[in-house]
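Working notes, structure below.
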Amino acid sequence: MTSNTEKFGKTPHQSSLWTRADALKVRADDPTTTQPLVSADFPVLSNEVFIWDTMPLRDLDGNVTSVDGWSVIFTLTADRHPDDPEYIDENGNYDITRDWNDRHGRAKMYYWFSRTGKDWKLGGRVMAEGVSPTAREWAGTPILLNDQGEVDLYYTAVTPGATIVKVRGRVVTTEHGVSMVGFEKVKPLFEADGKMYQTEAQNSFWGFRDPWPFRDPKDGKLYMLFEGNVAGERGSHKVGEAEIGDVPPGYENVGNSRFQTACVGIAVARDADGDDWEMLPPLLTAVGVNDQTERPHFVFQDGKYYLFTISHTFTYADGVTGPDGVYGFVADSLFGPYVPLNGSGLVLGNPSSQPFQTYSHYVMPNGLVTSFIDSVPTDATGTQIRIGGTEAPTVGMKIKGQQTFVVAEYDYGYIPPMLDVTLK
Ligand code: FRU
């Protein structure tokens, strides 16, 4: 494999590889890495909107933070259309599956608040219509900056293009609830460069999104993770010995796996405010393994860097597979080398009997994992499903060295604060 140094000149690190050999170790339905079955009689947060990716308000160190005793989450959100003729099928029934599948095209950032870390109340849209420069407001991270209640919302402005942006506002609380004020000026930060991160011109199926800013606990600097694909024209990537890893005889054939080129990107801020960023080579690449490593995020624990990212069955390459869920890698320093948790990378996958029950898992530093319900079978054959668009039960997990263990299950959408900030 060409090293980063050959490709990009002097760089601080070599990307770590999630190899095909690692992925061959993925075992669906291992109880220690499988999400408990979600029952089809789940409650929904709202009959008006679908929600999916959930972004708890947090500080730059990753701690989930409440303000004046109010927990706050941001969600990707889209209206439900039960009465819209466009979503009524030939039998006169609401085609909720199609409505749900179309949601990405009209995703907007909403916020919710709660006194209990669950039973979320809808606050509303974060930005007024017309503030965000593109059609879609895709995932990112809301950061509570200080005790004045200032919030930087980093997110992805998509279609046209995909730009990592941020918008500053303020969280205001009363005895009765929470509101978001400001959020009026969206600042573009950066886009894929075509040298390290694949552009739309190189591949119309490219991914570049999901910013997750953080302060490195060791060097104190401001960085950002994001989802990308490795730069290069679609089909031009090489799946060589390094990407294959140490496979048994008979597993050398890589098929068409050159089309799967996911990576976890990283950028460093040139200023304290995070207005000026420099992209660095990917922290982790999955060329020949998987095409999407979405919503990357860290848990900093025991002096280690636990890197988590969500991925799908359908984005795996030829000859390797695994469940929809969250995957993880660990390193002793920010720039790696990263090794897959549990040998394979799989941390929490859907059970094979309900392969789409949840997605977009977010691992919090207290070991709780939130996700949303996608669809749950309502009959034994799995042909009938119930669409979710709501919060899944939270899972409790223990992280120990290079292993993780499912240990508990909590209520739907349980996202308790790790610290509370009293606003001045
Ligand atoms: C994960 C995801 C994110 C993206 C959003 C789009 O569920 O694919 O990567 O920002 O959903 O709806």
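Ligands are counted one by one from 1 in listed order, and the atoms in each one are counted from 1 as well. In this text the structure is predicted, and so the values were computed from the model without any measurement. Values below: every heavy atom of this structure, side chains too, minus hydrogens, waters and symmetry copies.
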query: If you look at every heavy atom in Asp210 and Pro296, which pair is closest and at what distance?
result: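 What the structure gives for the nearest pair is O-CD, 4.2 Å.
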- prompt: What is the minimum heavy-atom distance between Val230 and Ala262, and which atoms define it?
  reply: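 Here Val230 and Ala262 meet closest at CG2-O, 4.2 Å.
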field: Arg386 to Phe42, cation-pi by 6.0 Å centre distance and 45° axis angle
entry: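 Yes, Arg386 lies over the aromatic ring of Phe42.
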For residues 275-284, tabulate all N or O donor-acceptor pairs below 3.5 Å that involve a side-chain atom, not counting sequence neighbours.
residue : atom : partner : partner atom : Å
Asp275  : OD1  : Lys166  : NZ           : 3.2
Asp276  : OD1  : Arg270  : NH1          : 2.8
Trp277  : NE1  : Gly274  : O            : 2.9

field: ring pair (Phe, Tyr, Trp, His ring centres under 6.0 Å), paired with Phe226, selected from Phe214, Tyr197, Tyr155
entry: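 Exactly one candidate clears the test, Tyr197.
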task: Apply the test side-chain hydrogen bond (donor to acceptor under 3.5 Å, both in side chains) to residues Trp52 and Asp374: give CA-CA distance (whole Å), side-chain angles for both, the deciding distance (0.1 Å), then the verdict.
output: CA-CA 8 Å; Trp52 60 109; Asp374 186 315; over 6 Å; no
Do any nitrogen or oxygen atoms of ligand 1 lie under 3.5 Å from a protein nitrogen or oxygen, and which ones?
residue  : atom   : partner : partner atom : Å
ligand 1 : 7 (O)  : Asp53   : OD1          : 2.8
ligand 1 : 7 (O)  : Asp53   : OD2          : 3.4
ligand 1 : 8 (O)  : Glu294  : OE2          : 2.7
ligand 1 : 9 (O)  : Arg209  : NE           : 2.8
ligand 1 : 9 (O)  : Asp210  : OD1          : 3.4
ligand 1 : 9 (O)  : Asp210  : OD2          : 2.5
ligand 1 : 9 (O)  : Glu294  : OE2          : 2.9
ligand 1 : 10 (O) : Ala139  : N            : 3.1
ligand 1 : 10 (O) : Asp210  : OD1          : 2.7
ligand 1 : 11 (O) : Asp53   : OD2          : 3.2
ligand 1 : 12 (O) : Trp52   : NE1          : 2.9
ligand 1 : 12 (O) : His104  : ND1          : 2.6

